[in-house]
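Reviewing the structure listed below.
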Amino acid sequence: IIPVTGVQTCALPIYLVGDEYRASWVLDNLPAAMPKLLQSVNGETTTVYDTGFPVGFIGNPQENAGSQEGLNYIYNHINIKVLYHTNPDLYEGKRIVGFEVEPESITHTTDFDANDPKQYPSTCLKRDSGPQVVDPNAADSSIVFTYSVLWEYSDTPWANRWDQYLLNTDSQRSEERRVGKECRSRW
């Protein structure tokens with residue numbers, strides 16, 4: 001639980017959302033990615049990965065149900081899907097071949113003991129509270145961050161685990177990554 005009140009405390013999340021910052025997580029050397037389905041002209045679909053995920057969004061009721069126009073919302077729940085592959089003829093155990101994420105914005109309740117790792121907000125199971133707004137005018141506000149993990153078998157062999165990351169056809173995102181890397185190397 002992170003207390004978020006006042007203009008100074010809200011300034012960073014509002015800035016990050018407004019400038020469309022993305023979170024970059026890594027699991028077993030694979031970046032977190034949001035899957036996208038692309039359809040070819042002959043009707044075949046392919047899943048490609050958009051690496052990272054946005055930290056939040058600016059409210060737009062047509063695009064995000066329950067949001068208000070122009071307000072800043074933060075993604076405070078991440079659905080994590082870990083894709084794994086097994087091949088008992090070649091190796092023991094499981095090998096991670098994909099790391100998918102789906103961010104959500106949930107106004108969580110605080111009806112749990114944050115010091116007990118086995119407890120969690122009831123809103124994790126019943127997500128009808130609407131998105132989590134970052135409001136500098138709120139007198140007393142807290143943001144609860146949560147996640148869920150799903151392990152799913154994949155037919156993708158470990159040697160091909162980068163294929164969906166490399167299939168990204170969005171040239172603008174590729175250019176953004178190139179520029180981002182250049183900026184980081186200069187600092």
Side-chain angles (χ1 to χ4, degrees), residues 1-25 31-41 43 45-83 98-112 114 119-150 152 164-165 167-177 179-180:
I1 300 175
I2 299 177
V4 181
T5 54
V7 175
Q8 283 186 323
T9 307
C10 292
L12 180 61
I14 289 172
Y15 170 78
L16 296 176
V17 169
D19 276 5
E20 299 179 357
Y21 271 67
R22 296 177 70 83
S24 296
W25 291 0
M34 296 174 57
K36 296 189 302 187
L37 283 178
L38 296 181
Q39 188 169 12
S40 66
V41 290
T45 59
T46 303
T47 300
V48 297
Y49 282 161
D50 191 10
T51 57
F53 58 92
V55 296
F57 62 94
I58 297 175
N60 179 337
Q62 285 78 31
E63 292 180 16
N64 302 98
S67 70
Q68 294 179 23
E69 189 72 39
L71 293 181
N72 290 277
Y73 294 86
I74 195 157
Y75 288 121
N76 59 333
H77 180 87
I78 308 300
N79 296 302
I80 300 169
K81 185 189 292 184
V82 180
L83 302 171
F99 179 28
E100 298 179 359
V101 293
E102 178 193 358
E104 282 188 76
S105 183
I106 304 169
T107 302
H108 281 302
T109 59
T110 54
D111 59 349
F112 68 102
Q119 290 194 21
Y120 50 85
S122 60
T123 44
C124 282
L125 300 175
K126 187 177 181 188
R127 299 178 183 161
D128 59 358
S129 58
Q132 176 67 56
V133 69
V134 179
D135 185 2
N137 300 317
D140 184 24
S141 179
S142 295
I143 299 177
V144 177
F145 288 86
T146 57
Y147 64 92
S148 60
V149 180
L150 172 68
E152 184 177 290
Q164 289 176 303
Y165 293 93
L167 284 174
N168 192 340
T169 59
D170 188 341
S171 59
Q172 180 182 3
R173 294 282 303 150
S174 297
E175 179 65 14
E176 288 173 6
R177 284 191 198 96
V179 170

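At distances below 3.5 Å, at least one donor-acceptor pair connects side-chain atoms of Ser105 with backbone N or O atoms of Ile74. A distance-only check finds no donor-acceptor pair linking the side chain of Thr109 to the backbone of Pro121 [under 3.5 Å]. Side-chain atoms of Asn76 come within 3.5 Å of backbone N or O of Ile106 as a donor-acceptor pair. When atom types are taken as modelled, the side chain of Thr107 and the backbone of Gly130 share a donor-acceptor pair closer than 3.5 angstrom. Judged purely by atom type and a 3.5 angstrom limit, Ser67 uses its side chain to pair as donor or acceptor with the backbone of Asn60.
Taken to the nearest 0.5 Å, the OG atom of Ser148 stands 8.5 Å off from the CD atom of Glu102. Within the model, atoms CG of Asn72 and CD1 of Ile58 stand 5.5 Å from one another, a figure rounded to the nearest 0.5 Å. For the atom pair CD (Gln132) and CD (Glu104), the distance works out to 13.0 Å, reported to the nearest 0.5 Å. Thr146 OG1 to His77 NE2: the interatomic distance, rounded to the nearest 0.5 Å, is 4.5 Å.
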Working for side-chain contact (heavy atoms from CB on, under 4.5 Å), residues Val101 and Met34: CA-CA 5 Å; Val101 293; Met34 296 174 57; 4.1 Å; yes
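Scanning all heavy atoms of the two residues, the minimum distance from His108 to Thr123 falls at ND1-OG1, 2.6 Å. When all heavy atoms are compared, the tightest approach of Ala65 to Pro131 is O-CD, 3.9 Å. The two residues Glu100 and Pro35 make their nearest non-hydrogen contact at OE1-CG, 3.7 Å.
Two residues are said to be in side-chain contact when any heavy atoms from C-beta on lie closer than 4.5 Å; Glu152 and Val82 fail this criterion. Leu37 is not listed as a side-chain neighbour of Thr46, based on a closest heavy-atom distance of 4.5 Å or more.
Among the candidates Tyr147, Phe57, Phe53, Phe145, the single residue satisfying the ring pair (Phe, Tyr, Trp, His ring centres under 6.0 Å) test with Tyr75 is Phe57. Here the options are Ile143, Leu16, Leu12, the test is side-chain contact (heavy atoms from CB on, under 4.5 Å), and the partner is Val134; only Ile143 passes.
Under the side chain to side chain contact (heavy atoms under 4.5 Å, CB included) criterion, Leu71 pairs with Gln68, Tyr73, Val133, sequence neighbours left out. Taking Tyr120 as the reference, nothing meets the ring pair (Phe, Tyr, Trp, His ring centres under 6.0 Å) condition, with sequence neighbours excluded. Under the ring pair (Phe, Tyr, Trp, His ring centres under 6.0 Å) criterion, Tyr15 pairs with Tyr21, not counting sequence neighbours.
The environment of CD in Glu20 is sparse: at most 12 heavy-atom neighbours from other residues, nucleotides or ligands sit within 6.0 Å.
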